[in-house]
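Presented below is the structure to which this report refers.
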Amino acid sequence: MTECTSEGFDFPPLKRRRIEARFSGGEITSDGGLLLLRQADRRLGLLEAVSAKLPDARDPRYVKHDLLTLLRQRVYALCQGYEDLNDHDQLRGDPALQTATGQDRMLGSAPTLCRLENRMDRKAAIAIHQVLVETVHRVLCRAA
């Protein structure tokens with residue numbers, strides 16, 4: 001009988017953190033899909049492109065989390081079903097979310113993410129829309 005189940009596979013590492021998917025139990029996370037989401041985002045360059053289009057008027061002397069990391073944190077959590085900012089009180093220390101965002105330390109707090117969302121205006125919405133349209137166009141043209 002053919003064995004169709006893989007023993008596991010490796011993801012690209014994060015600094016010294018080895019990232020692997022294994023199906024033998026042990027310490028597990030129910031948010032392993034974050035790593036697949038990370039790979040898709042990186043391949044498309046979606047959040048990196050959004051980050052490049054959005055203004056960041058924060059004083060760099062006081063910035064602990066760059067804009068791209070905050071966007072990844074918020075969007076990836078939304079994709080996992082964590083829609084409330086107060087979820088980030090716990091999520092910011094979650095190793096799966098940290099790894100998906102490319103960090104190996106605490107992520108942004110709920111108030112930090114709230115300030116990010118409150119800074120967004122109509123111009124930001126238009127810029128994000130433009131990135132989405134350009135990304136879809138690029139992907140569809142590449143597939144054709």
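Side chains of Ser109 and His88 form no contact here, defined as non-hydrogen atoms less than 4.5 Å apart. Counting only heavy atoms from C-beta outward, the side chains of Gln39 and Leu35 never approach each other to under 4.5 Å. Considering only heavy atoms from C-beta on, Arg105 comes within 4.5 Å of His65 through its side chain. In this structure, Gln98 and Arg92 have side chains that are not in contact, with every pair of non-hydrogen atoms separated by 4.5 Å or more.
With salt bridges taken as basic N to acidic carboxylate O contacts below 4.0 Å, none links Arg16 and Asp104. Taking a cutoff of 4.0 Å between a charged side-chain nitrogen and a carboxylate oxygen, Arg61 and Asp59 qualify as a salt bridge. In summary, Arg42 and Glu48 do not engage in a salt bridge, as defined by a charged side-chain N under 4.0 Å from a carboxylate O.
From Leu107, atom CG reaches atom CG of Leu91 across 9.0 Å, with rounding to the nearest 0.5 Å. In this structure, Asp66 CG and Ser51 OG are separated by 7.0 Å, a value rounded to the nearest 0.5 Å. Atom OG1 in Thr101 sits 11.5 Å away from atom CG in Leu37 (nearest 0.5 Å). Of the inter-residue distances, the one linking Lys123 atom NZ with Leu54 atom CG reads 11.5 Å to the nearest 0.5 angstrom. To the nearest 0.5 Å, atoms CZ (Phe11) and CZ (Arg18) are separated by 13.0 Å.
Cluster membership for Val75 and Leu34, using ILVMFWY side-chain heavy atoms within less than 4.5 angstrom, is shared. No chain of hydrophobic side-chain contacts below 4.5 Å, direct or via other Ile, Leu, Val, Met, Phe, Trp or Tyr residues, connects Val50 to Leu68. Tracing side-chain contacts under 4.5 Å through hydrophobic residues (I, L, V, M, F, W, Y), one never reaches Leu78 starting from Leu85; they form parts of separate clusters. A chain of hydrophobic side-chain contacts below 4.5 Å, direct or via other Ile, Leu, Val, Met, Phe, Trp or Tyr residues, connects Leu67 to Ile128. Cluster membership check: Leu132 shares its hydrophobic cluster with Val139, using side-chain heavy-atom separations under 4.5 Å among Ile, Leu, Val, Met, Phe, Trp and Tyr.
With hydrogens and angles ignored, the 3.5 Å screen pairs a side-chain donor or acceptor of Thr135 with a backbone N or O of Val131. At distances below 3.5 Å, at least one donor-acceptor pair connects side-chain atoms of Arg74 with backbone N or O atoms of Glu83. Checked by atom type and distance alone, the side chain of Gln73 pairs as donor or acceptor with a backbone atom of Gly108 at under 3.5 Å. Using a distance-only test at 3.5 Å, with no hydrogens or angles considered, a donor-acceptor pair links the side chain of Asn118 to the main chain of Cys114. Put simply, the side chain of Asp94 gets close to the backbone of Leu97: a donor and an acceptor are under 3.5 Å apart. Asp41 places a side-chain N or O within donor-acceptor distance of the main-chain N or O of Leu47, the cut-off being under 3.5 Å. For Arg138 (side chain) and Leu44 (main-chain N/O), a donor-acceptor pair under 3.5 Å exists by modelled atom type.
Annotation for Arg142: atom CZ counts as buried by contact number, over 12 foreign heavy atoms lying within 6.0 Å. Under a cut-off of 6.0 angstrom, the local environment of CD in Glu134 is crowded, with over 12 non-hydrogen atoms contributed by other residues, nucleotides or ligands.
Between the side chains of Arg115 and Thr112, a donor-acceptor pair is found at a separation under 3.5 Å. Judged by distance alone, the side chains of Thr99 and Arg17 do bring a donor and an acceptor atom under 3.5 Å apart.
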*Run the numbers on Asp56 and Arg119 for side chain to side chain contact (heavy atoms under 4.5 Å, CB included), then give the verdict.*
CA-CA 9 Å; Asp56 189 359; Arg119 284 197 324 260; 3.7 Å; yes
